[in-house]
Amino acid sequence: MTRLIGRAFALFALIALPSAAIAQKEPPETKETKDAQKFLGLAMMRQTPEQKRPLFEQAMKPLQVAMTKNPENARVWLMAGQVYAGLGDLVGADSSFRKAEQLYPGYAEDLAGEREALWVEAFNAGIAAMDARNNDEAIKQLEMAERMYNQRPEAKMNLGALYAGKGENEKAIKAFEDAIAATNGPLREKLKPEDQAGWKKFADMAKLNIAQIVGAAGVELFQAERFDEAAANFMKAYEINPHSRDYLFKLAQSHYAKASKLEENLQTLRDEEAAAKKAKKDAEAKAKADEIAKLGTELVPLYAKIAELAEKTLTVDPANEALYHLSARSYRMTGEFATDPAQKTEWQTKAPAMLQKRDQLQFEVNEISIQTGENEATVGGTVKNKKAAPGAPLKFKITLLGSTGAPIGTHEITV
């Protein structure tokens, strides 16, 4: 959670137009804008919102006349936006500022300052609501901050988290994607080096959050036995975060679950083929054999994916017994479909070799989980002793990888 304290710019300062804007023939003063400016100036001299409000209301009266009398005058809309902001009507401020810039693009730079100042106020109100656990109000305020000024990533990051908490995944992903874009936007070059580094962290966090949302959706799809869609989600999450053990493992599990379903169909076809042969129904037996061969063309590449993913996951999760099983079964089933005797022998030899590696494990680690916090992470899991002497100490080395794949933390623990 990121909080900005204070105002980024003076909110109701008189506009000092740059020379380029002056050259474009700035919008003229009128009797109404001069009258409104007097009340604006008086409002700036007051200390409390209660003291300021009646002066802002007085300033609005001549501007409302000017909106009808001189609707093409951008200065009228600029000042109206300032007054609306002082009255706390950010919707009115936004629409007035848009009108002013549309009529006179020379105001763009100054309006950016006005908008960012209002962004700070709305952003801080949103963070205060988050602190009070009023997430609906937080979303309202942060969305308003984005409406006022959309060049910074901080509100987008918090909106992404809030949307995800409500299960609005598409909106959450969009907010995080927009945050990434903002960290590479035009404001970045104006930041100090340390602030640029902070924005890079925002981009890294946003990517990891998108991967987490996509991966969580994959889990739901897996539980609904929609294995192809689950695999697609885990693959997307892995492409975003290619250093995650979890997405690799779950991707392998999704392919394996699909293969298991297809193997049920395979066994049914084999039973039906055997029955047709026994009944000497040659044509039916041939048809079943063709279906079995066709199913094999789908299963063999699937087994190859499972084995590849399982072996890759073993490099970072070497005590996971399930991974050895996934690889061994994939090898054995590939051998069953091989037509070349040499290939059949090769694959069916690789299967028991992988099981032998599994049987050599001293212990097994399952149900690995990780919970992240501010500059820390908690890793959990279960350990099952397989061959170590009862009561013997087992040492584990846990390494956390950052967004680039480089180690960012290592910890050893003895159980």
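Considering all non-hydrogen atoms of both residues, A43 and K52 come closest at O-NZ, 2.9 Å. Between Q82 and L40 the shortest heavy-atom distance is OE1-CD1, 3.9 Å. Contact record, A377 with L400: CB-CD1, 3.6 Å, taken as the closest heavy-atom pair.
K99 contributes no side-chain N or O that, together with a main-chain N or O of G81, makes up a donor-acceptor pair within less than 3.5 Å. Side chain of K288 to main chain of L269: no donor-acceptor pair is present (N/O by atom type, distance under 3.5 Å, no hydrogens or angles). Between the side chain of Y303 and the backbone N or O of G335, no donor-acceptor pair lies under 3.5 Å. Between the side chain of N150 and the backbone N or O of E146, no donor-acceptor pair lies under 3.5 Å. In this structure, D89 contributes its side chain and G92 its backbone to a donor-acceptor pair below 3.5 Å. Proximity of a side-chain donor or acceptor of R115 to a complementary backbone N or O of M148 within less than 3.5 Å is detected. Remark: side-chain polar atoms of S244 are not paired, donor with acceptor, to backbone N or O of N241 under 3.5 angstrom. Formation of a donor-acceptor pair under 3.5 Å by the R245 side chain with backbone atoms of V316 is not found in this model. Side chain of K305 to backbone of H255: no donor-acceptor contact under 3.5 angstrom is found.
To the nearest 0.5 Å, atom OG of residue S327 and atom CZ of residue R358 are 11.5 Å apart.
Every side-chain hydrogen bond (donor to acceptor under 3.5 Å, both in side chains) that K69 has, sequence neighbours left out, goes to E32. Partners of N265 according to the side-chain hydrogen bond (donor to acceptor under 3.5 Å, both in side chains) rule, which considers only residues two or more places apart in sequence or in another chain, do not exist here.
Partner D204 forms a side-chain hydrogen bond (donor to acceptor under 3.5 Å, both in side chains) with one of K207, K201, K200 and no other, that one being K200.
Using modelled atom types, one finds a donor on one side chain and an acceptor on the other under 3.5 Å when comparing N320 with D317. Donor-acceptor pairing under 3.5 Å is recorded for the side chains of Q141 and E137. For the 3.5 Å distance criterion, the side chains of H243 and Y238 fail to qualify, holding no donor opposite an acceptor. Looking at N233 and E229, their side chains never bring a donor and an acceptor atom within 3.5 Å of each other.
Counting non-hydrogen atoms of other residues, nucleotides and ligands closer than 6.0 Å to CD of E72 gives a total above 12. Annotation for E170: atom CD does not count as buried by contact number, only 12 or fewer foreign heavy atoms lying within 6.0 Å. Environment of NZ in K171: crowded, with over 12 heavy atoms of neighbouring residues, nucleotides or ligands closer than 6.0 Å. For K236, the NZ atom counts as loosely surrounded, since its 6.0 Å shell holds 12 or fewer non-hydrogen atoms of other residues, nucleotides or ligands. In the displayed structure, E412 atom CD is contacted under 6.0 Å by more than 12 heavy atoms of other residues, nucleotides or ligands.
Contact annotation: the side chain of I180 approaches that of I210 to within less than 4.5 Å [non-hydrogen atoms, C-beta and beyond]. Residues L262 and L302 have side chains in contact (heavy-atom distance under 4.5 Å, counting atoms from C-beta outward). With a 4.5 Å cut-off on side-chain heavy atoms, E101 and L78 do not count as touching. Contact of the M333 side chain with the R329 side chain is registered, since non-hydrogen atoms from C-beta on lie closer than 4.5 Å. Residues K344 and F337 form no side-chain contact, since every pair of their non-hydrogen atoms from C-beta on lies 4.5 Å or further apart. Counting only heavy atoms from C-beta outward, the side chains of I398 and T410 never approach each other to under 4.5 Å. You'll find the side chain of T68 stays beyond 4.5 Å of the side chain of Q64, heavy atoms only.
Remark: K261 engages E225 in a salt bridge, criterion side-chain N to carboxylate O under 4.0 Å. We find that D94 and R98 are joined by a salt bridge, their nearest charged nitrogen and carboxylate oxygen being less than 4.0 Å apart. We find that E298 and K258 are joined by a salt bridge, their nearest charged nitrogen and carboxylate oxygen being less than 4.0 Å apart. E346 has no carboxylate O lying under 4.0 Å from a charged side-chain N of K350, or vice versa, which leaves the two without a salt bridge. E143 and R147 are not joined by a salt bridge, as no carboxylate oxygen comes within less than 4.0 angstrom of a charged side-chain nitrogen.
Relative orientation of the Y104 and Y107 rings is perpendicular, given thresholds of 30° and 60° on the angle between their planes.
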task = Quick one: do N158 and E154 satisfy side chain to side chain donor-acceptor pair (under 3.5 Å)? Show the steps, please.
result = CA-CA 7 Å; N158 286 293; E154 296 92 338; over 6 Å; no
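For Y149 and F97, the distance between ring centers is not under 6.0 angstrom.
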